[in-house]
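What you see is a predicted model, and the numbers here were worked out from it, not measured in a lab. Every heavy atom of this structure was used, including side-chain atoms; hydrogens, water molecules and symmetry mates were not.
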Amino acid sequence: MVTLVRPANEETIMTHHASQRRAYLTLVLISLFCLMPFFWVVLAAFDPKASQFLQIPDGITVNHFWNLLANESGVRWVLNSVGIVGTATLLTLILAGFGGYALSRTQAWWKRPLLYAIILVRIVPPPALIVPVYKVMLFLNEWINNLINSLTSDVAQQVVLSRIFSFVDGYLGLILIQTAMQLPLAIWIMKTFFDAIPKDYEEAAALDGASQWQTVRHVLIPLALPGFAAAGLFAFINAWGDFLMPLMFTSSPELQTLPLGMFRAFLRVDAIDYGFLTALAVIYTLPAVIAFAFARKFLTQTFSGGVKG
Amino acid sequence: MSQIELINIKKNYMGTEVVKGIDVTINEGEFAVIVGPSGCGKSTLLRMIAGLEDISSGELKIGGKLMNNVSPDQREIAMVFQSYALYPHMTVAENIGFALALKKTDKAEINRRVLEAAKMLELEHLLERKPAALSGGQRQRVAIGRAIVKRPKVILFDEPLSNLDAKLRVQMRTELMRLHREFGSTIVYVTHDQVEAMTMAQKIIVLNNGHVAQMGKPMDLYRDPENTFVAQFIGVPKMNLLRGNLQADVFTLQSGQKLQLDCGYRDGSDLQLGVRPEHLKLELLQPGSGSENNSEHSWTVDVVERLGVESFIHLCNAARDVLVLRLEGDCDLQVDSKVAVRFDCSHCYLFNEAGVRLLPNTAALDLVG
Ligand SMILES: Nc1ncnc2c1ncn2[C@@H]1O[C@H](COP(=O)(O)OP(=O)(O)OP(=O)(O)O)[C@@H](O)[C@H]1O
Ligand SMILES: [Mg+2]
């Protein structure tokens, strides 16, 4: 009996190994296929003779980057993008923190309708919102510019203030739009995270003599950190890649963000400069990678063992 | 200074009353245990004392001061949660010292007091660990440490031992009693386990369905239960209750068995006779003596539980009355064998239909006495 069983067993083990090898091979091929464009982008960005083909460069150069940052307004685009998206992400996190907490803890009848209304904003494609949003922004813009003009009569000051605080063609407008676009998902993420934090912690803190603010600062925020990391990462990456809103709400070249700059550079150059474009793409990708690396530390940090039963 | 008075305390949740008017005084330094079945309102009552839940009506006084609208941290109480609720992102030392740190106590003082509490609870070697890296019993001790480090006048416990295994529970019971002796704080302790209540309490408050069923010293509740609820709740296995009628000091069971009760109770029908398993005696029926066929006096052995030091015999009779009886040590009874039971009438209780304890006429008592 035993001898009968054994060969069959070995056979299954062998076919098992073979099938596993095949599976791995397929996986490697698929990942190579997916990674190919990235290889090309990175290689081409440092290749003095970059072309549209994947090739091993003869030498290494940083000229494309230099060209982008020094001769074009690359630095400006990066700073604009980082400033606008960074501020919008921060604002999103603050608002989503409060909103998510409130929506998690309330038992009011409007909880569900509101939650679905919030996600609806996310479901509607942004282009469908452009016209009404633009109208609202124009109206606000007029109001803020009147305010600025009444505050100071110095034209130079007026220009600077208007650049920062304008709702159309100004930083404030872009920041608010990006925040509004990223907020729904962030609120949902935060609400789900706060749902998972038992009320016991807050009650324990209350008995320990913590004020509301101390409870938030020492208990809730640390516990919700993975949630903030997830919500922040999504908000940052989404806003970073957004093309439509900067296109609609800016006209001055000084306000251009990276995606816009990239797009215009692509249109402007007659003969396509692959080195320049791939260098731009590398710079464009970098912050998302950094943001992910930063968030990962918190994303994987789960707290357990505080409550039982 | 830390006497707790509850005066007609009630709690409504959206129209349903879950705590229905409770009047209790817990003296300073007393170890009071609130005990009752699941869902009877124990936690709700405790949370109202802590200030985590609004009081719908009635007055709560701690140390003579009205506390209804005082915030939890102003009440000078500490609470140990059933779930422990240790802050998972803080070390044991930070958990214990959190309340002091919030009060901007100076660092050295915090360290000193945390260490003192940790020593008392044998947690010194764990101070730098996070709660996730602790066992259940250690978490429990950290939760207690967090409560005592504030030196509160009142400590509230909500089923603190229910997540521990049986052995650890016994150990923690003695440790809690020792802590109470050392600290002298007033303790209000909630549990659904009557053994915990009996062993630790100086005063037991039995709660049933939002009412106080009875309160008093553990042995008083055991000896003098005022109703069938308390009679069956206190003591394991629970008190036996047998339905029947009483006429001229003779209690007739449904099976027809007659029991002579000596102290003069008033006659009545549909009464319940209560007797504890430890107060019943077994008589083996001699085969062929004739009494074996006397079905009204014979009980059938249903289940025998042997615990070594004692055995519990579950019996039933022709009228489907059930009876649990306690024997010292082992016994060699067979299931389905017939036995007779002797009732010790000085340890019998009588309850009316509604479950309220009936007392013998004092006149009759005098006669007996
Ligand atoms: N927030 C609430 N809203 C509505 N009803 C509640 C709420 N909290 C508790 N109850 C009800 O109040 C009653 C008492 O609850 P409580 O938690 O005090 O029970 P308990 O005696 O502590 O039970 P257990 O031993 O299971 O912990 C229960 O019937 C419960 O359903
Ligand atoms: Mg409870």
Side-chain angles (χ1 to χ4, degrees), chain A residues 93 97 100-101 104-112 190 192-232 295-309, chain B residues 13-14 47 49-53 71-90 92 94-105 129-140 142-143 146-147 149-150 152 154-156 158-164:
Chain A
L93 285 183
Y101 177 75
S104 162
R105 293 297 189 254
T106 183
Q107 295 300 331
W109 62 267
W110 44 259
K111 176 174 175 162
R112 255 161 195 283
M190 290 318 296
T192 315
F193 258 85
F194 282 120
D195 280 348
I197 299 178
K199 221 173 156 232
D200 290 23
Y201 292 131
E202 292 161 68
E203 294 180 340
L207 278 164
D208 275 345
S211 65
Q212 289 245 294
W213 167 242
Q214 283 171 321
T215 308
V216 169
R217 164 86 183 65
H218 296 294
V219 179
L220 282 174
I221 291 183
L223 288 179
L225 224 46
F228 280 114
R296 208 181 63 122
K297 190 173 141 241
F298 300 102
L299 278 175
T300 52
Q301 182 174 19
T302 51
F303 292 114
S304 61
V307 295
K308 200 176 180 195
Chain B
Y13 281 119
M14 290 163 292
R47 291 165 57 81
I49 298 175
L52 297 172
E53 208 83 61
S71 68
D73 59 303
Q74 303 293 315
R75 296 188 185 193
E76 294 188 71
I77 51 182
M79 180 162 168
V80 177
F81 290 79
Q82 180 172 2
S83 64
Y84 311 155
L86 301 179
Y87 310 118
H89 56 294
M90 299 184 195
V92 169
E94 286 166 339
N95 260 290
I96 297 178
F98 187 57
L100 302 176
L102 287 175
K103 285 203 200 108
K104 305 268 185 293
T105 316
R129 293 225 198 138
K130 296 266 174 72
L134 299 179
S135 73
Q138 290 165 339
R139 284 178 205 177
Q140 179 59 68
V142 176
R146 199 170 61 175
V149 79
K150 294 188 280 184
V154 178
I155 308 182
L156 310 176
D158 191 355
E159 309 205 16
L161 306 187
S162 60
N163 291 321
L164 304 181

Between [atom1] on residue [X] and [atom2] on residue [Y], distance to nearest 0.5 Å:
X	Y	atom1	atom2	result
D73(B)	S211(A)	CG	OG	9.0 Å
E203(A)	R47(B)	CD	CZ	4.0 Å
D208(A)	M79(B)	CG	CE	12.0 Å
L52(B)	K199(A)	CG	NZ	8.0 Å

Note: D200(A) and A85(B) closest approach over all heavy atoms is CB-CB, 3.7 Å

Tell me the closest heavy-atom pair linking L207(A) and A50(B), and the distance in Å.
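Scanning both residues, the minimum pair turns out to be CD2-O, 3.9 Å.
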
Would you indicate whether R105(A), at its atom CZ, is surrounded by more than 12 heavy atoms from other residues, nucleotides or ligands within a distance under 6.0 Å?
yes

Give the ring-plane orientation class for Y201(A) versus Y87(B), where under 30° counts as parallel, over 60° as perpendicular and anything between as tilted.
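The arrangement is tilted - the two ring planes meet at 30° to 60°.
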
Would you mind checking which part of R75(B) comes under 4.5 Å of any heavy atom in chain A, side chain (CB onward), backbone (N, CA, C, O), both or neither?
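Looking at R75(B), nothing touches chain A.
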
Quick one: what part of I77(B) sits under 4.5 Å from any heavy atom of chain A, side chain, backbone, both or neither?
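For I77(B), heavy atoms of backbone and side chain both lie under 4.5 Å from chain A.
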
Measuring only between side-chain heavy atoms, which start at C-beta, is L225(A) closer than 4.5 Å to H89(B)?
no

